[in-house]
Amino acid sequence: MPVEFVDLKAQLRAVRVPVNDRIQKVIDHGQFIMGPEVAEMEQRLAAFTGAKHCISVASGTEALLIALMALGIGRGDEVITTPFTFVATAETIALLGATPVFVDVEPDTCNIDSEKIEAAITSRTKAIMPVSLYGATADMDEINVLGAKHGVPVIEDAAQSFGAEYRSRKSCNVSSIGCTSFFPSKPLGCYGDGGAIFVSDDMLAETMREIRTHGQESRYYHTRIGVGGRMDTLQCAVILAKLDIFDWEIAERIRIGRAYRDMIAAIPGIRAPVVRNDRTCVWAQFTVQTDKRDAVIASLREVGVPTAIHYPIPLHKQPAYRSLCRVVGGVGVSESVSQRVLSLPMHPYLDEATMRTIVHALEKATKLL
Ligand SMILES: *Cc1c(COP(=O)(O)O)cnc(C)c1O
């Protein structure tokens with residue numbers, strides 16, 4: 001049996017009946033756009049996070065874009081974030097004509113270094129966008145204090161951290177706005193594209209709902225520029241079916257992550273991922289660091305263990321972003337971790353035997369070096 005990087009087939013065995021039932025219901029009622037499952041999912045997810053509003057959208061990227069649009073961010077504005085992330089984080093900022101301002105990450109968690117943010121704040125700063133990379137939040141309270149001090153909202157790019165907790169609060173409800181993704185392999189995934197925005201401000205929520213549907217205030221009456229950014233009813237139905245086992249899956253992710261880390265901690269040359277004590281990680285990626293990445297990848301591949309690199313090139317070095325971003329205070333940590341990170345298979349259905357195979361292959365790889 002080949003080792004799966006994210007085993008969606010194993011998950012399907014646990015949810016097949018409710019998923020089929022939910023999908024069949026949508027096909028029968030026929031309300032494929034903004035059907036009843038959309039509102040039902042939004043209510044359940046808002047309750048899950050504790051945020052007042054959940055606005056479902058077409059993808060995680062769309063969530064970020066609509067959040068920035070609702071804040072009126074555009075040409076001449078700056079948004080502070082990290083270069084060590086998936087491209088969508090900076091892409092949405094740049095799409096609106098604003099400038100992504102990159103500050104460096106912490107070498108162990110790979111999340112934005114909260115102590116380096118204030119030096120990047122200018123009169124043009126319109127938002128701070130920390131990314132909850134790999135499934136755990138950044139130092140949100142420190143970042144929120146900075147946001148409040150300078151009067152700028154904090155948007156959490158929580159595409160990888162839905163279900164994680166920070167000081168007993170749920171990711172997506174730890175700052176002004178939280179944006180997540182339901183891409184199939186994310187911690188809570190649908191069977192296509194999907195995403196959601198979480199916010200407790202009523203005005204912002206209303207603005208986001210309008211932007212989601214072409215800036216329309218009422219039918220065919222458009223008060224602002226919007227997008228076609230709705231999430232399909234069918235995808236919301238899939239999320240609803242999966243939500244019933246989500247708490248269990250999160251607990252499994254945390255249990256497996258702990259066991260994995262304990263096993264890896266003893267391997268010389270491999271640095272296990274770090275999670276701060278005041279938060280949990282839902283392990284969207286289980287990412288180790290090693291100086292001998294190529295050799296480790298090759299030896300894992302030999303025994304059928306897939307790996308991935310999140311991410312090999314920091315965004316300030318990407319051809320499309322080099323000239324339109326601003327870097328503050330140096331981003332040497334982002335550059336060095338991009339050479340060292342390696343993601344291993346991780347999902348709630350990872351069994352003990354497979355984990356041992358992976359850890360054994362890692363041990364062997366490091367001994368061969
Ligand atoms: C996946 C991801 C996104 C984009 O989500 P999509 O649903 O794929 O559009 C944005 N930011 C980060 C950090 C992600 O991992």
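Every heavy atom of this structure was used, including side-chain atoms; hydrogens, water molecules and symmetry mates were not.
Val103 is listed as a side-chain neighbour of Ile112, based on a closest heavy-atom distance under 4.5 Å. Between Arg261 and Val275 there is a side-chain heavy-atom pair separated by less than 4.5 Å. Residues Tyr191 and Val19 have side chains in contact (heavy-atom distance under 4.5 Å, counting atoms from C-beta outward). Annotation: side chain of Ile80 is in contact with side chain of Ile121 (closest heavy-atom distance under 4.5 Å). Taking 4.5 Å as the limit, every side-chain heavy atom of His214 sits out of range of all side-chain heavy atoms of Ile225. Pro83 places a side-chain heavy atom less than 4.5 Å from the side chain of Ser334. Side-chain contact between Asp232 and Phe32 is absent, with no heavy-atom pair separated by less than 4.5 Å. Between Tyr134 and Pro273, every side-chain heavy-atom pair lies at or beyond the 4.5 Å cut-off.
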Would Glu335 and His316 count as a side chain to side chain donor-acceptor pair (under 3.5 Å) if you check the C-alpha gap in whole Å, the side-chain angles of each, and the deciding distance to 0.1 Å? CA-CA 10 Å; Glu335 287 172 8; His316 65 281; 2.7 Å; yes

Test log, rule side chain to side chain contact (heavy atoms under 4.5 Å, CB included), inputs Asp113 and Val333: CA-CA 10 Å; Asp113 188 335; Val333 177; over 6 Å; no

Residues Arg167, Asp139; criterion salt bridge (charged side-chain N to carboxylate O under 4.0 Å, His left out); working and verdict: CA-CA 10 Å; Arg167 300 185 177 171; Asp139 297 331; over 6 Å; no

Working note: Glu78 + Arg326, criterion salt bridge (charged side-chain N to carboxylate O under 4.0 Å, His left out); need CA distance, chi angles, decisive distance, verdict. CA-CA 9 Å; Glu78 295 178 347; Arg326 193 159 73 78; 3.1 Å; yes

Given Asp244 and Arg22, is the salt bridge (charged side-chain N to carboxylate O under 4.0 Å, His left out) satisfied, shown in steps? CA-CA 12 Å; Asp244 291 333; Arg22 282 275 188 181; 6.0 Å; no

Take Arg356 and Glu352 through the test salt bridge (charged side-chain N to carboxylate O under 4.0 Å, His left out) and record every step on the way to the result. CA-CA 6 Å; Arg356 290 206 181 280; Glu352 189 83 23; 3.1 Å; yes

Could you walk me through whether Leu315 and Lys317 pass side chain to side chain contact (heavy atoms under 4.5 Å, CB included), step by step? CA-CA 5 Å; Leu315 298 185; Lys317 290 204 152 170; over 6 Å; no

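Judged by distance alone, the side chains of His150 and Glu118 do bring a donor and an acceptor atom under 3.5 Å apart. Side-chain contact, Thr109 with Glu106: a donor N or O sits under 3.5 Å from an acceptor N or O. A donor atom on one side chain and an acceptor atom on the other are not found under 3.5 Å apart for Asn144 and Ser175. Side-chain contact check for Asp201 and His53: no donor-acceptor pair (N or O, by modelled atom type) lies under 3.5 Å. In this model, no donor atom of one side chain and acceptor atom of the other lie less than 3.5 Å apart for Asn173 and Thr49.
Glu4 meets the side chain to side chain contact (heavy atoms under 4.5 Å, CB included) test with Asp7; sequence neighbours excluded. For Thr307, the side-chain hydrogen bond (donor to acceptor under 3.5 Å, both in side chains) test picks out no residue, with sequence neighbours left out. When the side chain to side chain contact (heavy atoms under 4.5 Å, CB included) test is applied to Ser161, the partners found at least two apart in sequence or on another chain are Ser132, Glu156, Ala158, Ala164, Ser171. Lys25 meets the side-chain hydrogen bond (donor to acceptor under 3.5 Å, both in side chains) test with no other residue; sequence neighbours excluded. Here Ala159 pairs with Asp157, Ser181, Lys186 under the side chain to side chain contact (heavy atoms under 4.5 Å, CB included) rule; sequence neighbours left out. Under the side chain to side chain contact (heavy atoms under 4.5 Å, CB included) criterion, Arg293 pairs with Thr290, Ile297, Ile309, Val341, Leu342, sequence neighbours left out. With sequence neighbours excluded, the residues satisfying side-chain hydrogen bond (donor to acceptor under 3.5 Å, both in side chains) with Asp291 are Arg340.
In the hydrophobic clustering, Val145 connects to no other residue, as no ILVMFWY side-chain heavy atoms lie under 4.5 Å from its own. Grouped with Phe183 in a hydrophobic cluster is no other residue, since no side-chain heavy-atom contact under 4.5 Å to another Ile, Leu, Val, Met, Phe, Trp or Tyr is found. Cluster partners of Val227, by chain and number: Ile55, Val57, Leu64, Leu65, Ile66, Leu68, Met69, Leu71, Ile73, Val79, Ile93, Leu95, Leu96, Met129, Ile155, Ile177, Ile197, Val199, Leu204, Met208, Ile211. The rule joins Ile, Leu, Val, Met, Phe, Trp and Tyr whenever side-chain heavy atoms lie under 4.5 Å apart. Grouping Ile, Leu, Val, Met, Phe, Trp and Tyr by side-chain contacts under 4.5 Å, direct or through others, leaves Tyr221 on its own.
Centroid-to-centroid, the aromatic rings of Phe48 and Phe162 come within less than 6.0 Å.
Looking at Arg253 and Glu249, no side-chain N of the basic residue comes within less than 4.0 Å of a carboxylate O on the acidic one, giving no salt bridge. Electrostatic pairing of Glu210 and Arg224 counts as a salt bridge here, judged by a charged N lying under 4.0 Å from a carboxylate O.
For the ring-ring contact (aromatic ring centres under 6.0 Å, His included) condition, the pairs that include at least one residue of residues 270-305, sequence neighbours left out, are Tyr260-Phe286, Trp283-Phe286.
Summarising the geometry of Phe5 relative to Ala308, their closest heavy-atom pair is CZ-CB, 3.7 Å, with the distance given to 0.1 Å. Smallest separation of non-hydrogen atoms from Met231 and Cys190: CE-SG, 4.5 Å. Scanning both residues, Val282 and Gly163, for their nearest heavy atoms gives CG1-C, 3.5 Å. In terms of heavy atoms, Tyr311 sits closest to Leu133 at CE1-CD1, 4.0 Å. The heavy-atom pair separating Ile143 from Ile128 by the smallest distance is CG2-CG2, 3.9 Å. Residues Ser343 and Thr287 come closest through the heavy atom pair OG-OG1, 2.9 Å.
Linking ILVMFWY residues whenever their side-chain heavy atoms come closer than 4.5 Å, directly or via other members, leaves Val6 and Val288 in distinct clusters. Linking Ile, Leu, Val, Met, Phe, Trp and Tyr residues whenever their side-chain heavy atoms come within less than 4.5 Å places Ile270 and Val305 in a single cluster. Grouping the Ile, Leu, Val, Met, Phe, Trp and Tyr side chains by contacts below 4.5 angstrom, directly or via other members, places Leu240 apart from Leu234. Val337 and Val87 fall within the same hydrophobic cluster, defined by Ile, Leu, Val, Met, Phe, Trp and Tyr side-chain heavy atoms under 4.5 Å apart, directly or through other members. Cluster annotation: Val105 is connected to Phe86 through the hydrophobic network of ILVMFWY side chains, with a link wherever side-chain heavy atoms come within less than 4.5 Å.
With respect to Ser56, the side-chain hydrogen bond (donor to acceptor under 3.5 Å, both in side chains) criterion is satisfied by exactly one of Arg209, Glu37, Glu42: Glu42.
Checking side-chain atoms of Ser59 against main-chain N and O of Glu62 turns up a donor-acceptor pair under 3.5 Å. Although no hydrogens or angles enter the test, the distance criterion places no donor-acceptor pair under 3.5 Å between the side chain of Asp262 and the main chain of Ala259. Remark: the backbone N or O of Leu350 is not paired with any side-chain donor or acceptor of Thr354 at under 3.5 angstrom.
The aromatic rings of Tyr349 and Trp248 sit tilted relative to each other, their planes meeting at an angle between 30° and 60°.
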